[in-house]
Chemist: 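Let me give you the structure first, and then I'll get to my questions.
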Amino acid sequence: MSENGKQSAGKIFGTLGAALGLFIVLAAGLTFLKAEDGPAGVLSWLYRTIGLGGQADAIDQLGLNPVASKLMIAVVALVVGVGGIWALFIIVDRLVDLLPDKVADALRPYVFITPAVALLGFFLVFPAVGTVARSFTDDGGALENYKWAFTDPAMHIAFRNNVLWLIFGTGGAVLLGLLIATLVDRIKHETIAKTLIFIPMAISMVGAAVIWRFMYYWRPESASQIGFFNAIWTWLGNSPVAFMQKIPLNTFALILIMVWLMTGFAMVILSAAIKGVPDEIIEAAEIDGANSIEIFFKIILPSIKPSVITVTTTVFIAILKVFDIVFVMTGGRFETEVIANRMFSEMFKFRNFGRASTLAVILLIVVIPIMVMNIRNLRRQGIGA
Amino acid sequence: MTTKTRTNTVASAASTRPGQGFLSKLPVKIAVVVIVALWSLPTVGLLITSFRPQEAIATTGWWTVLTNPFAETWTLINYQNVLTANGMFDAFVNSLIVTIPATVIPITIAAFAAYAFAWIRFPGRTLLFAIVVGLLVIPLQMTLVPLLRVYNNLGLTGTFLGIWLAHTAFGLPLAIYLLYNYIAQLPKDLFESAYIDGASHFTAFTKLVLPLAVPAIAAFAIFQFLWVWNDLLVALVFLGTDSEVAVVTARLNELVGTKGQDWHVLTAGAFITMIFPLTVFLALQRYFVRGLLAGSVKG
């Protein structure tokens, strides 16, 4: 009995001690990560403590090699981030063990979910609610921001462009993806072709914008054209076109970039779906005398419908929130504005936080039904992962 | 599928697909080659240009090189310049520093939560899980204005700590959703026999769930890595363009603004932003596709 008590007392003190130690280490780690002079300060302090004042003075005066100092920050972040979280879970789990069984069982699931729930609450739920509130209160308040969003002529252009993006961008990427998926299904070296078309998916929109800025590059007629499109266009005997300034051609030129980025995604998913259509069904249809176009529209297309929905909704949402391409290529000038870019300008250029919030809410309202459809569709297919 | 597999052997890959009459082989081949060429052309143009001397870039198109590649002077000077004088090296280091913790940290947090949602019954479970999945629909834009204010007050703006936390939180709904779907489908007997043997939830999680969930974790990790590395919006809002912290996408965007006509700088710079994700892509293509499919629901 007494031995038992002693043991558990030891356990309690051990666990509490570990918890305290962890708390100190985490606090120190976080302070370190937030500190202006970070690694340099800590190193100089360390050197001073172990009696190497000269070294410490050198660091204080010259600072650390910036790369070394940053790498130190990253290592500490990984240790504090990953190790700290594991330690947190382990120690709190042990602490819960000390409680009576019934209480421990009731508490344990909350131990597992609390870090995630706390982060989500702080970074998503609370700000999202704040944004909705702000859209009704800041910058004139009441419904002023919404009135502005739906009546301002510049906003009309943004809405019109978003619609163009959604129709031609989504349509272009999905149809091209479907076409290519159907074609590559019939050739040798399928993987190589697919990889090459898929590669743009790994490229950032900023990178893609630079790539295409070069393709669209324009120079006055007297200079030699080094942009691909203008080189061909002038070679055919025309005068060079300033693609980014010519309305409405510029919006379509921007949409083409997104199509280039997203087609590979559509193709890969649809190609996998097409391969899933059993050969027997297709052979049976052939024996019944169906031609290939009939086979495609009556057998293949209906059986890959769930994948077509997944791809379409995904591309749709990505395009709805498109920001980087417009931001880098034109900054929304020459009537190329879109909602997400306008939101960024309202926030950082004009500091109209109410208007920015309103635009975010509008994006949310459009996204919700599409996303619900997407998640339902994925669950029906039993994937999701 | 219980049908014949059409992969693996060259002969079957080439010829057993029914419906060949639709389009005869040669035109299909030509069409695919043309499409692939068109698709690769912009990237190839960028790559070739980045190795040409500044004067050559400004006077002739990159395609002129194709007819006589040996007459061209190839150079690495553009890379040297953009890495040093234009700060791309620092930006690359910053991107690494931002991306690695922002990819790794959410995994543990999400995995614990996913296990609890999948295998422990507790009051509020369904509601909380529904809220987590519901958060997938929230566009990032919804959070920026209030978070920026909080960040300014806490002094987190422009710090790595701030952006790790932001990316971790933004990645969580997808991570929990993906891992839940995977973990919930593990066989029930597995857990029951473990519990009977006296395993705690903690042991079941570390010994059973984590090793078995590796494919789902890999899919998420790759998606999150790409997302964070290629992100511009979150980086601009929370980290900014100061060269101490700016990531490659932010730096490249700056270069477009300040050196918009200097193609020797821009092409090399753009390629540096692409090299790491492209390598990961080519090495881990299989997981990559799975991650993209899985990530198709990220808000």
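The chains referred to below are lettered A, B, ... by the order of the sequence lines, with proteins before strands, and numbering in each begins at 1.
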Chemist: With chain A as the partner, which of B:Trp229, B:Phe89, B:Phe122 has the greatest number of non-hydrogen pairs under 4.5 Å?
Modeler: B:Phe122

Chemist: Heavy-atom distances under 4.5 Å only: say whether B:Ile120 touches chain A with side chain, backbone, both or neither.
Modeler: side chain

Chemist: Using heavy-atom distances under 4.5 Å, tell me whether B:Ala166 contacts chain A through its side chain, its backbone, both, or neither.
Modeler: both

Chemist: If we define contacts as heavy-atom pairs under 4.5 Å, which of A:Val125, A:Thr263, A:Thr191, A:Val132 has the most with chain B?
Modeler: A:Thr263

Chemist: Of all of A:Val82, A:Ile197, A:Val117, which one pairs up most often with chain B through heavy atoms under 4.5 Å apart?
Modeler: A:Ile197

Chemist: Please flag which part of B:Leu282 lies under 4.5 Å from any non-hydrogen atom of chain A: side chain, backbone, both or neither.
Modeler: side chain

Chemist: Heavy-atom distances under 4.5 Å only: say whether B:Thr249 touches chain A with side chain, backbone, both or neither.
Modeler: both

Chemist: Hey, do the aromatic rings of B:Phe112 and A:Trp86 have their centres closer than 6.0 Å?
Modeler: yes

Chemist: Where on B:Thr49 is there a heavy atom nearer than 4.5 Å to chain A: the side chain, the backbone, both, or neither?
Modeler: side chain

Chemist: Looking only at the aromatic ring of each residue, does the gap between the centers of B:Tyr115 and B:Phe205 stay below 6.0 angstrom?
Modeler: yes

Chemist: Which one wins on heavy-atom pair count under 4.5 Å against chain B: A:Tyr217, A:Trp212, A:Phe323?
Modeler: A:Tyr217

Chemist: For chain B, find which of A:Met205, A:Met343, A:Arg108 contributes the most heavy-atom pairs closer than 4.5 angstrom.
Modeler: A:Met343

Chemist: Please determine, among B:Leu147, B:Asp231, B:Thr273, the option with the most heavy-atom pairs under 4.5 Å with chain A.
Modeler: B:Leu147

Chemist: Heavy-atom pairs under 4.5 Å with chain A: which of B:Val93, B:Thr64, B:Val33, B:Leu236 has the most?
Modeler: B:Leu236

Chemist: If you tally heavy-atom pairs under 4.5 Å against chain A, which of B:Met142, B:Met274, B:Arg121 wins?
Modeler: B:Met142

Chemist: Strictly distance-based, threshold 3.5 Å: is any side-chain N or O of B:Asn94 a donor or acceptor partner for the main-chain N or O of B:Val248?
Modeler: no

Chemist: Give, as side chain, backbone, both or neither, the part of B:Leu179 having an atom under 4.5 angstrom from any heavy atom of chain A.
Modeler: neither

Chemist: Only pairs of heavy atoms separated by less than 4.5 Å count here; which of B:Leu46, B:Thr168, B:Leu38 has the most with chain A?
Modeler: B:Leu46

Chemist: Taking all non-hydrogen atoms of both residues, which atom of A:Val210 and which atom of B:Ala270 are closest, and how far apart?
Modeler: CG1-CB, 3.8 Å

Chemist: Do other residues, nucleotides or ligands put more than 12 heavy atoms under 6.0 Å from the CZ atom of A:Arg94?
Modeler: no

Chemist: Report yes if the distance between the aromatic ring centroids of B:Phe202 and A:Phe89 is under 6.0 Å, otherwise no.
Modeler: no

Chemist: Taking all non-hydrogen atoms of both residues, which atom of B:Ile57 and which atom of A:Ile226 are closest, and how far apart?
Modeler: O-CG2, 3.4 Å

Chemist: If you look at every heavy atom in B:Ala116 and A:Pro109, which pair is closest and at what distance?
Modeler: CB-O, 4.1 Å

Chemist: For the residue pair B:Thr43 and B:Ser40, confirm or rule out a side-chain donor-acceptor distance under 3.5 Å.
Modeler: no

Chemist: Would you mind telling me which of A:Val372, A:Ile211, A:Ile370, A:Leu119 has the largest number of heavy-atom pairs within less than 4.5 Å of chain B?
Modeler: A:Ile211

Chemist: Which atoms of B:Pro106 come close to chain A, meaning under 4.5 Å heavy atom to heavy atom: side chain ones, backbone ones, both, or neither?
Modeler: neither

Chemist: Using non-hydrogen atoms only, which part of B:Leu255 is less than 4.5 Å away from chain A: side chain, backbone, both, or neither?
Modeler: neither

Chemist: At their closest point, which heavy atom of A:Ala128 faces which heavy atom of B:Ile138, and how far apart are they?
Modeler: CB-CD1, 3.9 Å

Chemist: When you measure from the side chain of A:Ser224 to the backbone of B:Thr59, do you find a donor-acceptor pair of N or O atoms at a distance under 3.5 Å?
Modeler: yes

Chemist: Picking from A:Arg213, A:Met215, A:Lys194, A:Arg134, which has the most non-hydrogen pairs under 4.5 angstrom with chain B?
Modeler: A:Arg213

Chemist: Using heavy-atom distances under 4.5 Å, tell me whether B:Ala58 contacts chain A through its side chain, its backbone, both, or neither.
Modeler: both

Chemist: What part of B:Leu148 gets within 4.5 angstrom of chain A, counting heavy atoms only: side chain, backbone, both, or neither?
Modeler: side chain

Chemist: Taking B:Ala113, B:Pro42, B:Pro101 one by one, which has the highest count of heavy-atom pairs under 4.5 Å against chain A?
Modeler: B:Pro42

Chemist: To the nearest 0.5 Å, how far apart are CG in B:Leu144 and CE in A:Met347?
Modeler: 4.5 Å

Chemist: Non-hydrogen atoms of chain A under 4.5 Å away: do they reach the side chain of B:Val98, the backbone, both or neither?
Modeler: neither

Chemist: Taking side chain as everything from C-beta outward and backbone as N, CA, C, O, which of these in B:Arg149 sits under 4.5 Å from a heavy atom of chain A? Side chain, backbone, both or neither.
Modeler: side chain

